Colleague: 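Got a structure for you, questions after.
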Amino acid sequence: MIVIKNKIHLQKYLQNRRKEGNSIGFAPTMGALHEGHLSLIDQANTSCDISVCSIFVNPTQFNNKKDLEKYPRTESEDLQLLHKAECDLVFLPDVDTIYPPGETAETEFDFGHLDKVMEGAFRPGHFAGVANVVKRLLDIVMPDSLFMGQKDFQQFTIIASMLDLLKSKIDLILCPTVRSETGLALSSRNRRLSATGLETASIIFQTLEYTRMNIKNTEIEKLKDEALKTLKQAGFTPEYFEIVDGFDLMPVTNYKNSGYIVACTASWLEDIRLIDNMILKQARKT
Ligand code: AMP
């Protein structure tokens, strides 16, 4: 495994590999890696000749400064995990590499409704930050395929839209959410939960499962109310529990009206914001 911090070195290295006919698979991350991230590397290794993982805690996507400060940074453990996962190349840029001083131009994307709802409504500016950092990383790495987790479903939808707007040829691959034995979606934030918090957190998965099992024969509004009630009773402070169309993220009011339905939620527990989602009807073609 090669570790590169310098953008020019990375570009030269990848240019040579590309000339030899190798395809490049890329998984951008913010580190504090777990099995969820490593599943993206696995998929990149399976589908591409060279797997590239970046670790960069992107300051522009944190609307809350404290959250950025508290974000776990575990570089040496991350490198060990990536080595074990047979990642070919790790890119560790610093802030000035991604945001060169003096260069302020941010690309503004019109995502329409996609970045206004759910995460977009509760984390103003978050998706503009995500889209910009992903664009900057893609411009440097120039991969053939981009691997992103279903765990951040709205983020995936927005990056799909960004690639469309850019008329990009990059293949975007949706990788399934990796969960703990209790169903809790793996997340770097989980390590801040207490033992009891970890147990309680699995109720998010149970609530999503309950919704999935009952969506065909229960009114959608009723299911959303029930889900919010269950989460509150378990000690969460839910921000939203929405049932939306998986392509345009518009609320679905009737099971029959959409071919692709996803339930998405964000809830606070022990001062930690947890997000999760579940596909309730038909998987998206990836
Ligand atoms: P992050 O480091 O949180 O920015 O995540 C980097 C990538 O890993 C994103 O594409 C996430 O959706 C993905 N990811 C994070 N957690 C999981 C998980 N539990 N299962 C699958 N993918 C995940």
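Starting from 1, each residue takes its place in the sequence as its number. No experiment lies behind these values; they were computed from the predicted model shown. As the structure lists them, so they are numbered: ligands from 1, and atoms in each ligand from 1.
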Colleague: Do any N or O atoms from the side chain of Asn45 and from the backbone of Glu86 form a donor-acceptor pair under 3.5 angstrom?
Modeller: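 A pair under 3.5 Å: yes.
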Colleague: Is it the case that the side chain of Lys7 and the backbone of Pro93 share a donor-acceptor pair, with hydrogens and angles ignored and the cut-off at 3.5 Å?
Modeller: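 No, the answer is negative, given that no donor and acceptor are paired below the 3.5 Å cut-off.
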Colleague: So, regarding Gly149 and ligand 1 (criterion: nitrogen or oxygen to nitrogen or oxygen, under 3.5 Å), is there a contact or not?
Modeller: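 The answer is yes, given that Gly149 and ligand 1 share an N or O pair closer than 3.5 Å.
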Colleague: Assess, by modelled atom type and distance only, whether the side chains of Tyr210 and Thr230 contain a donor and an acceptor separated by less than 3.5 Å.
Modeller: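 Side-chain D/A pair, Tyr210 to Thr230: absent.
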Colleague: When you measure from atom 21 (C) of ligand 1 to every protein heavy atom, which one gives the shortest distance, and what is it?
Modeller: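 The answer is Pro176 O, 3.5 Å.
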Colleague: Please report whether ligand 1 has a polar contact with Pro28, defined as an N or O pair separated by less than 3.5 Å (distance criterion only).
Modeller: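 It does not: no N or O of Pro28 is found under 3.5 Å from an N or O of ligand 1.
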Colleague: Any nitrogen or oxygen of Thr177, main chain or side chain, under 3.5 Å from a nitrogen or oxygen of ligand 1?
Modeller: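 No: no nitrogen or oxygen of Thr177 is under 3.5 Å from one in ligand 1.
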Colleague: Which atoms from ligand 1 have a heavy atom of Met148 less than 4.0 Å away?
Modeller: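 Listed by number with element: 10 (O).
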Colleague: On the ring face of Tyr71, is Arg73 found with NZ or CZ under 6.0 Å from the centre and within 45° of the axis?
Modeller: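 Relative to the ring axis of Tyr71, which defines the angle, Arg73 lies outside at least one limit.
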Colleague: Take every heavy atom of Gln150, measure it against each atom of ligand 1, and state whether any distance is under 4.0 Å.
Modeller: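 No.
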Colleague: Taking distance alone, with no angle check, do Cys175 and ligand 1 share an N/O pair under 3.5 Å?
Modeller: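 So ligand 1 has no N or O lying under 3.5 Å from an N or O of Cys175.
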Colleague: Looking only at side chains, do Asp248 and Tyr260 share a donor and an acceptor under 3.5 Å apart?
Modeller: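 Checked: Asp248/Tyr260 side chains show no N/O donor-acceptor pair below 3.5 Å.
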Colleague: Within the supplied structure, the quantity of interest is the number of heavy atoms (other residues, nucleotides, ligands) at a distance under 6.0 Å from Gln206 CD; does it exceed 12?
Modeller: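 Yes - once you tally the heavy atoms of other residues, nucleotides and ligands closer than 6.0 Å, there are more than 12.
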Colleague: Mind checking whether His37 has an N or O less than 3.5 Å away from an N or O of ligand 1?
Modeller: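 N/O-N/O distance below 3.5 Å exists for this pair.
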Colleague: Which residue from Phe156, Phe147, Tyr71 reaches closest to atom 3 (O) of ligand 1 through any of its heavy atoms?
Modeller: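 Answer by nearest heavy atom: Tyr71.
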Colleague: Evaluating non-hydrogen atoms only, which member of Leu40, Asn58, Leu146, Leu186 is closest to atom 19 (N) of ligand 1?
Modeller: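 Of the listed residues, Leu186 has the closest heavy atom.
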Colleague: Taking distance alone, with no angle check, do Met30 and ligand 1 share an N/O pair under 3.5 Å?
Modeller: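 It does: an N or O of Met30 is found under 3.5 Å from an N or O of ligand 1.
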